[in-house]
Amino acid sequence: MWRAGLKLGAAGLGGGAAAAAAAAAASGASWEDAPRALKLCGLVPLRLLRDSCTAACIAFDYQYSCWGVQQGSDEWARIRHAVHLRSAHRLQDLCFRNGGIYIKLGQHLAQLDYVVPQEYVQTMRESMLKRCPVSSYDQVRRVFIKELGQPPEDVFADFNPVPLASASLAQVHAARTHDGCKVAVKVQHTHLTDTAAVDIATVDFIVSFLHRCFPSFDYRWLVEEVRESSPKELNFLHEARNSEKCVDNFKRLSPHIAESIYAPKVYWNLSTPRLLTMEFMEAAEVTDVKAIKKHGLRPHDVSKLVSKAFAEMMFKHGFVHCDPHAANLMVRPLPKPVSWWSSFFKRRKPQLILLDHGLYKELDFDTRTSYAALWKGLVFADEKAIRENSINLGAGEDLYVLFAGVLTMRPWKRVIDPSVDHLALRPSHDDRSELQMYAAQYFPQISELLRRLPRVILLMLKTNDCLRALNHDLVEGSPLESFLIIGRVSSEAVLDAKRMINGSNISSRFRINIEHLFLEARLLAMKLAIWLLLLRNSLPLRWEQ
């Protein structure tokens with residue numbers, strides 16, 4: 001192991017020039033552009049050395065901290081936990097020191113519940129979503145002048161130099177247009193244009209080297225995903241087009257909930273690839289339970305709406321917002337007159353506001369249909385459907401059980417349990433400990449599964465983890481209704497696919513209609529069972545005999 005650490009350090013020094021050349025080419029810098037090329041050559045070796053030292057320290061710590069301790073013992077578990085925690089903090093420090101794409105990678109890790117050790121997830125989640133870099137006002141002015149030819153104080157009647165929020169790629173300022181409209185202006189951090197390619201090149205080098213040294217460590221898929229998605233996320237016009245396409249999909253394909261989904265209006269004349277001007281939203285963050293209740297909304301209704309919106313995107317639209325963490329979703333009362341009935345009970349319908357549309361994934365017809373059929377099988381505990389569709393998505397005969405467990409965060413015996421609450425996650429310490437134990441026990445198999453699955457499905461895993469975290473914050477667990485929603489939408493998507501393929505055949509159409517009737521009956525029975533279960537759980541415990 002120490003030899004691997006030395007090799008890693010030497011590679012960090014010796015590979016700097018080659019990585020710099022690759023990064024320069026990837027970022028579009030020609031060697032005639034001397035200042036920029038020189039900057040890249042200076043950045044790459046420093047970042048690579050920093051990465052190499054951190055990786056070597058982590059590898060050394062894992063190898064020797066548990067030396068001589070019996071694997072699986074209480075002492076081994078205690079030491080392993082401490083190593084995970086130390087290593088997570090080392091990685092966190094590296095992300096903040098390098099900034100840019102490194103923070104984006106840290107945010108990805110923060111959403112991969114039980115795919116990486118929980119110590120990493122918790123450490124990244126507590127920091128990466130809140131402590132992002134902030135550009136100075138001078139840097140913001142330079143972006144404005146380069147993009148629009150004028151400083152912000154001339155472009156807008158009023159511009160607040162203090163950002164409302166900052167993320168890994170940009171920060172948001174409040175402003176007011178000359179015609180009096182309040183807007184939110186997203187300004188890209190100035191250093192990202194040059195360093196994005198550098199960051200990806202150096203991280204790719206380190207992750208590939210670690211995989212060669214430790215074959216069970218294979219996170220090359222994560223680097224490839226960031227490599228593919230970063231150019232799109234760094235182009236705010238691409239993000240603006242995504243937001244409009246998303247809303248249009250709901251109007252065309254999901255009209256029954258279209259009014260409950262909203263994306264801020266884009267001011268195209270004040271937007272460029274590095275500046276995005278949008279309608280300012282007066283709304284609550286989706287996990288701010290106090291603010292939600294203050295608006296006359298129920299957290300439970302918000303949770304159901306989030307489940308509906310993303311189920312429709314995944315199973316029917318095939319165009320999915322893949323970064324639904326709390327900072328990217330807001331909620332407000334549906335801006336329509338409230339009925340006297342709702343007013344009497346002080347209940348209002350929520351409207352979900354989707355922000356940050358930079359990271360979307362498209363699922364082709366076959367992938368979307370198999371994914372919908374898989375979730376239908378998971379909700380209805382259909383072992384045959386789970387196996388068949390897991391294999392269709394690439395998990396294989398040997399890992400489909402693990403794939404089902406990663407998707408649901410439930411052990412296999414619970415996945416195929418026919419009880420109505422078999423997929424519900426309870427916010428108990430025992431449940432979380434059980435899941436963490438499984439993640440540690442099957443880490444090599446999980447790494448192999450992630451290598452096999454299409455990258456679009458890996459992003460669906462991340463999206464599922466984000467949604468689970470939102471539900472936990474809103475209602476302290478996984479609400480049973482969310483699985484009823486997933487079961488309905490995924491089943492409808494499967495039927496729609498059958499109609500598309502066999503709809504012209506009269507006998508096929510008849511069979512599909514019969515199947516639809518059976519589905520409605522099954523969903524009704526499931527809804528009744530959930531209602532009875534919730535009623536039973538709400539009743540006081542009987543005196544023990």
Task: Evaluation steps, side chain to side chain contact (heavy atoms under 4.5 Å, CB included), between Met313 and Phe250 - done: CA-CA 8 Å; Met313 280 192 267; Phe250 276 100; 3.8 Å; yes
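- The minimum heavy-atom distance between Ile457 and Phe403, with the atom names listed, is CG2-CZ, 3.9 Å.
- Salt-bridge formation is not detected for the pair Arg142/Asp138: no Lys NZ or Arg NE/NH1/NH2 atom is positioned less than 4.0 Å from an Asp or Glu carboxylate oxygen.
- Residues Glu119 and His89 have side chains that never bring a donor and an acceptor to within less than 3.5 angstrom of each other.
- The environment of CZ in Arg97 is sparse: at most 12 heavy-atom neighbours from other residues, nucleotides or ligands sit within 6.0 Å.
- Salt-bridge check for Arg348 with Asp301: failed, with every basic side-chain N at 4.0 Å or more from each acidic carboxylate O.
- Under the 3.5 Å distance criterion, with hydrogens and angles disregarded, no donor-acceptor pair is assigned to the side chains of Asn502 and Arg499.
- A salt bridge links Arg488 to Glu492: at least one charged side-chain nitrogen sits closer than 4.0 Å to a carboxylate oxygen.
- Looking at Asp465 and Arg468, a side-chain N of the basic residue comes within less than 4.0 Å of a carboxylate O on the acidic one, giving a salt bridge.
- Two residues are said to be in side-chain contact when any heavy atoms from C-beta on lie closer than 4.5 Å; Thr408 and Phe483 fail this criterion.
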- [ ] Mind running side chain to side chain contact (heavy atoms under 4.5 Å, CB included) on Val286 and Met330 for me, showing each step along the way?
- [x] CA-CA 5 Å; Val286 73; Met330 302 181 81; over 6 Å; no
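- Residues passing the side chain to side chain contact (heavy atoms under 4.5 Å, CB included) test with Gln351 are Tyr262, Arg332, Leu334, Pro335, sequence neighbours excluded.
- Between Arg455 and Glu362, no side-chain nitrogen of the basic residue sits less than 4.0 Å from a carboxylate oxygen of the acidic one, so the salt-bridge criterion is not met.
- Side-chain contact between Val187 and Ser135 is absent, with no heavy atoms from C-beta onward closer than 4.5 Å.
- The pair Lys361-Glu228 counts as a salt bridge, with a side-chain nitrogen and a carboxylate oxygen less than 4.0 angstrom apart.
- Side-chain contact of Asp51 with Tyr102: a donor-acceptor pair under 3.5 Å is present, judged by distance alone.
- No donor-acceptor contact under 3.5 angstrom links the side chains of Asn392 and Asp366, judged on distance only.
- Nearest heavy-atom pair, Leu354 versus Pro264, reported as atom, atom and distance to 0.1 Å: O-CD, 3.5 Å.
- No close placement of the Phe156 and His178 rings is indicated, their centers lying 6.0 Å or farther apart.
- Using a 30° and 60° split on the angle between ring planes, Phe159 and His173 fall in the parallel class, below 30°.
- Of all non-hydrogen atoms in Leu374 and Ser390, the two that sit nearest each other are CD1-OG, 3.5 Å.
- Here Leu148 contributes atom CG and Ser271 contributes atom OG; the two are 8.5 Å apart, rounded to the nearest 0.5 Å.
- Between Arg241 and Glu244 there is no salt bridge, since none of the side-chain N atoms of the basic residue sits less than 4.0 Å from a carboxylate O of the acidic one.
- Between Trp375 and Tyr371, the ring planes lie perpendicular to each other; the angle is over 60°, past the 30° to 60° tilted range.
- Leu402 approaches Ile446 most closely through the heavy-atom pair CD2-N, 3.7 Å.
- Annotation for Val320 and Leu363: closest pair CG2-CD1, 3.8 Å, computed over non-hydrogen atoms.
- Remark: Lys265 is positioned above the aromatic ring of Tyr267, its terminal NZ or CZ atom under 6.0 angstrom from the ring centre and at most 45 degrees off the axis.
- Checked for salt-bridge contact, Glu279 and Lys182 miss the test: no charged N lies under 4.0 Å from a carboxylate O.
- Expressed to the nearest 0.5 Å, how far CZ of Phe310 lies from CE of Met460 amounts to 10.0 Å.
- What you find for Glu285 and Ala326 is that their closest heavy atoms are CG-O, 3.3 Å.
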Open item on the list: Checking Phe380 against Leu523 for the side chain to side chain contact (heavy atoms under 4.5 Å, CB included) test, could you report, in this order, the C-alpha distance in whole Å, the side-chain angles of both residues, the deciding distance, and whether it holds?
Closed with: CA-CA 10 Å; Phe380 294 123; Leu523 289 169; 3.8 Å; yes
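- Salt bridge status for Glu481 with Lys527: absent, with no side-chain N to carboxylate O gap under 4.0 Å.
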